[in-house]
Structure formats: C-alpha cells, structure tokens
Amino acid sequence: MRGLEPLRRALRVVDWFEARGVYVPGEDNQPVSPWRDFGWLIASWLITVGLFVVFFAMAA
C-alpha cells in the first residue's frame, strides 16, 4: 500500500494544523486564529503548491 503514503503524510500535516487549536463553542469573542480556523485551508494550499512545483519540475 505504498500508494497511500502521500495521503497519510498530507493527513499528518492536517492533523498537525488541527492540533494547534480547536474551536471551542462560546469563544466567539476571541480574535481569529489562522491556525485554528483555517488549518485545512492552509494545509491544502501548501499541498497544492507543492504538487504544482513537482509537476513543473518533472515537465522541465
């Protein structure tokens, strides 16, 4: 199952972002924490940029 290794690494990055903070109901008056509120978005953006770089590195 070596094909699932990149997916596991990506999920590990996402889990790391989520471990930085979680949403607690009732704490809506706190400032926005990018790591807590946008962890999935940040992780997916980093993975997308990485794939973009790898794609063009292989194409060259």
Side-chain angles (χ1 to χ4, degrees):
M1 290 255 187
R2 299 213 25 98
L4 293 178
E5 185 64 29
L7 181 60
R8 286 186 185 141
R9 288 182 187 202
L11 289 176
R12 210 174 311 146
V13 170
V14 170
D15 287 340
W16 180 81
F17 278 109
E18 286 186 345
R20 303 276 299 163
V22 294
Y23 173 73
V24 178
E27 291 189 11
D28 293 334
N29 57 353
Q30 291 186 349
V32 174
S33 169
W35 299 115
R36 182 188 70 203
D37 299 332
F38 303 110
W40 276 95
L41 183 63
I42 293 169
S44 63
W45 182 81
L46 289 172
I47 291 168
T48 302
V49 168
L51 290 173
F52 185 75
V53 169
V54 168
F55 174 75
F56 280 103
M58 291 174 55

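Predicted model, so just to flag it, every value in this text is computed and none were measured. Along the sequence shown, the residues carry numbers beginning at 1.
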Looking at every non-hydrogen atom in both residues, tell me the closest pair between Ser44 and Thr48 and how far apart they are. O-OG1, 2.7 Å
Return the set of residues passing side chain to side chain contact (heavy atoms under 4.5 Å, CB included) with Leu51 (not counting sequence neighbours), or none when no residue passes. Ile47
By ring pair (Phe, Tyr, Trp, His ring centres under 6.0 Å), Phe55 pairs with (sequence neighbours left out) none
